[in-house]
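As the structure is a computational prediction, the values presented were derived from the model and not from experiment.
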Amino acid sequence: MTGDLGWVPFLLQTADALFPTGAYAHSLGFEEAVRLGMVTDERSLGQFLGLHIMPALQDQELPYLRFALTAATAGDLEKLAMLDHRISAWKVAREVREASLQIGGRRLRALQAISTHPLLEAYAVGIEQGAALGHHLTVSAVQAHVEEVPEAATLAAYGYQSCAAICAAALKLIRIGQDGCQRALRTATLQLSRVVERSRSVTEPDAGTFSPLLDIASMRHERAHERLFIS
């Protein structure tokens with residue numbers, strides 16, 4: 001990181017739960033994972049983060065965030081649109097795919113409310129014209145470029161948000177207190193530096209992960225008789 005830390009307040013603002021993305025309304029398959037008995041307490045929450053969320057971040061989510069950040073830095077809207085479509089392809093469950101678009105769209109609109117960077121406008125136009133899709137991951141990359149957030153900080157912030165979202169959902173779904181959630185989150189985030197570093201060596205042809213349990217959980221959630229979260 002450079003000595004100029006002007007990007008820090010922007011990153012903190014946009015990574016905060018107060019930033020209006022609507023992510024709080026989605027569990028991204030976690031609600032059904034609880035219903036299936038995969039997570040019941042603090043210990044199993046930690047295992048879920050370590051066995052399912054971290055590998056997905058390391059081998060797929062963070063590499064794609066890096067690819068999108070490279071494209072955004074180059075102003076390559078065609079590559080951003082292509083990555084958007086790839087992201088849609090590997091988000092097999094409809095609920096998760098639509099949630100990504102909803103959160104991405106809200107993040108983009110919120111960013112436009114606080115920044116007039118031309119790339120935000122150009123990317124929004126691409127979505128309106130049907131070239132790009134506006135997945136949350138791609139919008140997060142555009143956001144990082146707008147305020148020149150370093151790559152490592154961008155990846156770490158995205159990874160933290162992913163883990164924190166699961167822990168926030170856990171508070172509503174299982175018998176676990178704030179302290180238990182914070183311990184599980186702390187254990188997960190201690191792995192982040194290693195996960196981020198390994199993700200930076202993943203190339204585009206090799207990026208990918210396979211977690212059928214999460215996809216199945218998301219698909220089951222769509223047809224659940226009662227739901228606390230949208231997805």
Side-chain angles (χ1 to χ4, degrees), residues 1-26 28 57 60-91 96-165 168 189 192 196 199-200 204 207 230-231:
M1 297 184 184
T2 67
D4 181 9
L5 298 179
W7 52 269
V8 173
F10 178 85
L11 180 61
L12 292 174
Q13 179 182 0
T14 55
D16 193 272
L18 185 64
F19 201 65
T21 64
Y24 68 89
H26 301 271
L28 303 177
L57 285 170
Q60 188 155 311
E61 296 275 351
L62 296 185
Y64 264 86
L65 179 57
R66 178 167 51 84
F67 306 152
L69 179 56
T70 299
T73 302
D76 191 341
L77 292 171
E78 184 176 346
K79 180 63 178 288
L80 283 172
M82 182 190 72
L83 291 170
D84 252 344
H85 284 279
R86 285 189 186 175
I87 292 167
S88 269
W90 53 254
K91 287 187 180 295
V96 173
R97 186 168 58 252
E98 291 184 354
S100 175
L101 293 171
Q102 290 172 14
I103 297 171
R106 290 177 180 175
R107 179 171 290 277
L108 181 58
R109 288 191 294 273
L111 288 168
Q112 288 180 293
I114 62 174
S115 173
T116 58
H117 195 285
L119 184 61
L120 291 172
E121 178 63 25
Y123 183 58
V125 169
I127 294 172
E128 291 174 4
Q129 295 177 345
L133 299 175
H135 276 289
H136 183 234
L137 194 152
T138 319
V139 174
S140 295
V142 173
Q143 166 191 312
H145 171 66
V146 165
E147 288 296 317
E148 300 181 353
V149 180
E151 180 182 282
T154 298
L155 300 177
Y158 187 92
Y160 171 81
Q161 287 178 322
S162 299
C163 294
T189 54
L192 262 182
V196 166
S199 75
R200 297 174 86 174
E204 284 195 48
I230 297 174
S231 70

Flag side-chain contact, heavy atom, 4.5 Å: Ile114 against Phe19: yes

Pairwise side-chain contact, Val146 with Leu111, heavy-atom cut-off 4.5 Å (strictly under): no

Interatomic distance, Lys79 atom NZ to Asp84 atom CG [nearest 0.5 angstrom]: 12.5 Å

Which atom of Leu192 lies closest to which atom of Ala156, heavy atoms considered: CD1-O, 3.8 Å

Residue Glu148 excluded, over 12 heavy atoms near CD under 6.0 Å: no

Derivation of the side chain to side chain contact (heavy atoms under 4.5 Å, CB included) call for Leu133 and Ile87: CA-CA 9 Å; Leu133 299 175; Ile87 292 167; over 6 Å; no

Residue pair Ala81 / Ala131: nearest heavy atoms and the distance that separates them: CB-O, 3.4 Å

Glu204 CD: over 12 foreign heavy atoms closer than 6.0 Å: yes

CA sep, side-chain torsions, deciding dist, call: Leu57, Ser199, side chain to side chain contact (heavy atoms under 4.5 Å, CB included): CA-CA 8 Å; Leu57 285 170; Ser199 75; over 6 Å; no

Distance-minimising heavy-atom pair for Leu155 and Arg200: CD1-CG, 3.8 Å

Which atom of Ala72 lies closest to which atom of Leu119, heavy atoms considered: O-CD2, 3.7 Å

Rounded distance [0.5 Å steps], CG in Leu83 versus OG in Ser88: 11.5 Å

Side-chain donor-acceptor contact under 3.5 Å, Thr14 with Gln143: yes

Considering all heavy atoms, the nearest Ala144-Leu69 contact: CB-CD1, 3.9 Å

Min side-chain heavy-atom separation Val196-Tyr158 under 4.5 Å: no

Chi angles and distances behind the side chain to side chain contact (heavy atoms under 4.5 Å, CB included) call for His135, Arg97: CA-CA 8 Å; His135 276 289; Arg97 186 168 58 252; 4.1 Å; yes

Flag if over 12 foreign heavy atoms under 6.0 Å of CZ, Phe10: yes

Taking every non-hydrogen atom, the tightest pair across Leu62 and Gly159: CD2-N, 4.3 Å

Spacing of Asp16 atom CG and Gln161 atom CD [to the nearest 0.5 Å]: 9.5 Å

Side chain proximity check, Lys91 to Ser100, heavy atoms < 4.5 angstrom: yes

Atom pair CG (Leu65) and CG (Leu137), whose distance is rounded to the nearest 0.5 Å: 5.0 Å

Gly134 backbone acceptor or donor facing Thr138 side chain under 3.5 Å: no

Inter-residue atom distance Glu121.CD - Thr116.OG1, 0.5 Å rounding: 10.0 Å

Validation row: Leu77, Val125 side chains within 4.5 angstrom (heavy atoms): no

Atom pair CZ/OG1 of Arg109 and Thr21 - distance to nearest 0.5 Å: 11.0 Å

